[in-house]
Amino acid sequence: MMKTNWTKALLGSAVAISLVAAPAMANFGEWDANGDAGIDNEEFAAGFDKDVGVFGDWDTDDDNMLSQAEFDAGYGTRDTAESPFDDDIGFDDWDANDDDMLSSTEFHDGVYAAYDDDGDNIIEEPEFGDLGDDIGDGGFWDV
Ligand SMILES: [Ca+2]
Ligand SMILES: [Ca+2]
Ligand SMILES: [Ca+2]
Ligand SMILES: [Ca+2]
């Protein structure tokens, strides 16, 4: 009986803590640096780098490029979560200059395109909402 009560108490405090600690990590207004109600590629790269930062994490040899192996290793750690990407997402699709390496720009443009549902090269607030879900607890980018 005591044990059950303790478990409940612990669960209760864990929920309380997560409610306090959970406020949105990705804030549309913060990412939209020029305040035009849309997020362009550059704003996206800066915001994603700051709030998610996976490019640096995946770049294990710190050469500012992702090799296929680094990409696969980084992406592979996340394949248990629901992917925001269609099945056709891949290293080759994102490697715009075909040098078999992903630069930070190529990487962020690739991710960006996945969230720009209507393909108008602006991430509007509803599209940003999907990104926020993926960055949040248990989401694909939850780090
Ligand atoms: Ca903007
Ligand atoms: Ca690298
Ligand atoms: Ca490249
Ligand atoms: Ca859009």
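As the structure lists them, so they are numbered: ligands from 1, and atoms in each ligand from 1. From a predicted model like this one, the values you see are computed outputs, not experimental measurements.
In this structure a side-chain-to-backbone donor-acceptor pair under 3.5 Å is missing from Asp59 to Leu66. In terms of modelled atom types and a separation under 3.5 Å, the side chain of Asp32 and the main chain of Asp36 share a donor-acceptor contact. Judged by distance alone, with hydrogens and angles left aside, the side-chain atoms of Glu106 form no donor-acceptor pair with the main-chain N or O of Asp93 at under 3.5 Å.
Draw a line from the Ca ion (ligand 1) to OD1 of Asn34 and another to OD1 of Asp36, and the angle between them is 80° (to 10°).
Taking both residues in full, the closest heavy atoms of Met65 and Asp63 are given as O-OD1, 2.8 Å, listed atom of the first, atom of the second, then distance. Contact detail for Ile39 and Tyr112: the closest heavy-atom pair is O-OH, 2.6 Å. Here the closest non-hydrogen pair linking Glu127 and Asp118 is OE2-OD1, 3.0 Å.
Only protein N, O or S atoms were considered, and those under 3.0 Å from the Ca ion (ligand 4) are Asp116 OD1, Asp118 OD1, Asp120 OD1, Ile122 O, Glu124 OE1, Glu127 OE1, Glu127 OE2.
By the 30° and 60° cut-offs, the orientation of the rings of Phe55 relative to Phe107 is tilted.
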Under 3.5 Å donor-acceptor pairs involving side-chain atoms of residues 41-48, not counting sequence neighbours:
residue, atom, partner, partner atom, Å
Asn41, ND2, Asp109, OD1, 2.8
Glu43, OE1, Asp40, N, 3.1
Glu43, OE2, Ala33, N, 3.4
Glu43, OE2, Asn34, N, 3.1

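Side-chain contact between Glu30 and Lys50 is present, with heavy atoms from C-beta onward closer than 4.5 Å.
The ring-ring contact (aromatic ring centres under 6.0 Å, His included) test applied to Phe128 returns Phe28, Trp31, not counting sequence neighbours.
Looking only at protein N/O/S atoms, the ones less than 3.0 Å from the Ca ion (ligand 3) make 6 in total.
Sorting the N, O or S atoms of Asp32 by how far they are from the Ca ion (ligand 1) puts OD1 first.
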